[in-house]
Amino acid sequence: MPIRIGVIGTGIMGADHVETITTAVSGAEVCCIADIDSRRAELIASRVPGAKALSAAEDLIESPEVDAVIIASSDATHSKYAKACIAARKPVLCEKPLAPTVPECEEILRLEEAAGVRMVQLGFMRRFDPGYVELRRRIASGEVGTPVLAHCVHRNLDVPASWTSETTVFSSASHEIDVMPWVLGRDITKVNWLSPTQVVPGSLCDPQVVIMELEGGALVFDELFVKSGYGYEIRCEVVGREGTLELAPTARVVARSSLKVSQDFPSDWRGRFAEAYRRELQAWVNAISRWRSGNVESAVDPLDGPDAWDGYRAAVVAHTVLVSMSRGGPAAVESMTLPELYSRSRVIATKTRLAG
Ligand code: ISE
């Protein structure tokens, strides 16, 4: 029996997940789609044979036809729906952020602890990108010695007019905030936010730089430039004591013409991370199937990837970046104690801290 998935939200990511599950993921099907815009829900559902459109997300979560839920609605609604899914014991793949505020994230952690199972996987898809996976593996192997620096570039073609400096931190920088500690095997202890443009609350400083200090003193320089004007580009180079490792450019074709060498950039993250999204969804579906089969050895929780703890930790660090932004200087990240439920998974799953 395929896993029957309900998708809440049919914006960019909701629609993309529906298409990926339907065309490129095995063992699952999209059965229900909910959006407050019922016409949009109907349009997306009409592309999937047998899928139903609903206007209330709560009905989708409670529907006996739905085994697992993807939350891709607006950020402010994530925690409300995640909590309803935990209560209904339905596995969730929640797009980031887990919730816009730290207390909301903490409430989700408490509910999962009370349920005794991690139900929520966070949509930090870079952890499934073959490039980042290889970078992490090769750093862990000691190939370039102890990592001491990382240079990250995160550029968007453009963003909507409502976008602010804070949005860049929560929507864009949150990816490096999640993936760099995972790649380097160390937590972030301090952040410092800088921009060549003047800080005006509620407006957009662009570009911005977030410097993250990790345990052991390694530094990550993260450039965020959301109105780069030329395309979507992600770069990452890790400098170790004995060499460097860098993500290779992802364009498949290099053109030479008119006295120029050139390659294409995707216009947004869907093109750059298509394979990461596919692997993320497949890993999640496989984990749910194992969990449902009742094989405790192979699946303690219905997820395989970043969890609610990772969403919480990213929220805490992102809020610390805002403190640095308003203060105009470095800010220390509060230390966080990993609850038993999440520490257990870090030994069982692939989350064991990397040595070095
Ligand atoms: C967008 O919201 C995403 O989540 C993308 O992954 C990120 O790279 C981009 O900067 C954000 O705007």
Side-chain angles (χ1 to χ4, degrees), residues 7-20 70-78 93-100 121-133 135 150-183 193 195 203-210 212 220-236 247 249-251 265-281 305-306 310-311 313-315 317-318 321-322 325:
V7 178
I8 304 174
T10 55
I12 296 182
M13 283 323 304
D16 197 61
H17 287 322
V18 169
E19 194 190 330
T20 306
I70 292 181
I71 302 175
S73 45
S74 60
D75 295 359
T77 63
H78 289 187
L93 177 65
C94 179
E95 272 305 319
K96 52 96 193 151
L98 179 58
Q121 176 159 337
L122 241 286
F124 284 128
M125 75 299 185
R126 290 194 193 181
R127 295 197 193 190
F128 295 90
D129 176 68
Y132 278 105
V133 169
L135 201 54
H151 303 277
C152 304
V153 167
H154 184 158
R155 297 185 186 143
N156 287 17
L157 173 65
D158 200 2
V159 288
S162 58
W163 196 276
T164 65
S165 302
E166 288 79 3
T167 326
T168 299
V169 172
F170 284 100
S171 286
S172 302
S174 58
H175 284 289
E176 281 84 19
I177 288 172
D178 174 70
V179 84
M180 295 315 292
W182 182 78
V183 164
W193 180 93
S195 175
S203 72
L204 172 62
C205 291
D206 196 45
Q208 313 179 8
V209 174
V210 177
M212 304 175 221
V220 173
F221 296 89
D222 189 15
E223 177 210 298
L224 302 136
F225 191 13
V226 295
K227 284 170 135 341
S228 78
Y230 70 83
Y232 182 77
E233 188 179 16
I234 298 300
R235 286 195 238 148
C236 179
L247 294 180
T250 49
F265 282 106
S267 60
D268 72 28
W269 54 94
R270 285 169 297 177
R272 167 63 181 82
F273 288 108
E275 179 57 12
Y277 283 120
R278 193 194 63 75
R279 290 181 185 214
E280 169 191 67
L281 289 164
D310 296 305
R313 195 175 57 177
V317 176
V321 172
L322 296 196
M325 187 191 289

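Counting starts at 1 for both ligands and their atoms, following the listed order. The figures here come from the full heavy-atom set of this structure, side chains too, leaving out hydrogens, waters and symmetry mates.
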If you measure every N/O of H175 against every N/O of ligand 1, is any gap under 3.5 Å?
yes
M125 heavy atom under 4.0 Å from ligand 1
yes
Applying a 4.0 Å heavy-atom criterion (strictly less than), which segment of Y232 is in contact with ligand 1: side chain, backbone, both, or neither?
side chain
Backbone N or O of P97 within a donor-acceptor pair of the H78 side chain at under 3.5 Å?
yes
Does the side-chain contact (heavy atoms from CB on, under 4.5 Å) test come out yes or no for S195 and M325, once each step is laid out?
CA-CA 9 Å; S195 175; M325 187 191 289; over 6 Å; no
Indicate whether any N or O donor in one side chain lies under 3.5 Å from an N or O acceptor in the other, for R272 and Y232.
no
Is any NZ, NE, NH1 or NH2 atom of the basic residue among E280 and R127 found under 4.0 Å from an Asp or Glu carboxylate oxygen of the other?
no
shortest atom 12 (O) of ligand 1-to-protein heavy-atom contact is with N156 ND2, 3.1 Å
Regarding atom 7 (C) of ligand 1: of the candidates R126, K96, E95, H154, which has the closest heavy atom?
H154
Atoms of ligand 1 close to S172 [distance to a heavy atom under 4.0 angstrom, numbered from 1]
9 (C), 10 (O), 11 (C), 12 (O)
Against ligand 1, does W163 come closer than 4.0 Å with any heavy atom?
yes
Using a strict threshold of under 4.0 Å (side-chain N to carboxylate O), is an ion pair present between R155 and E223?
yes
Close side-chain approach of M212 to V317, heavy-atom, < 4.5 Å
no
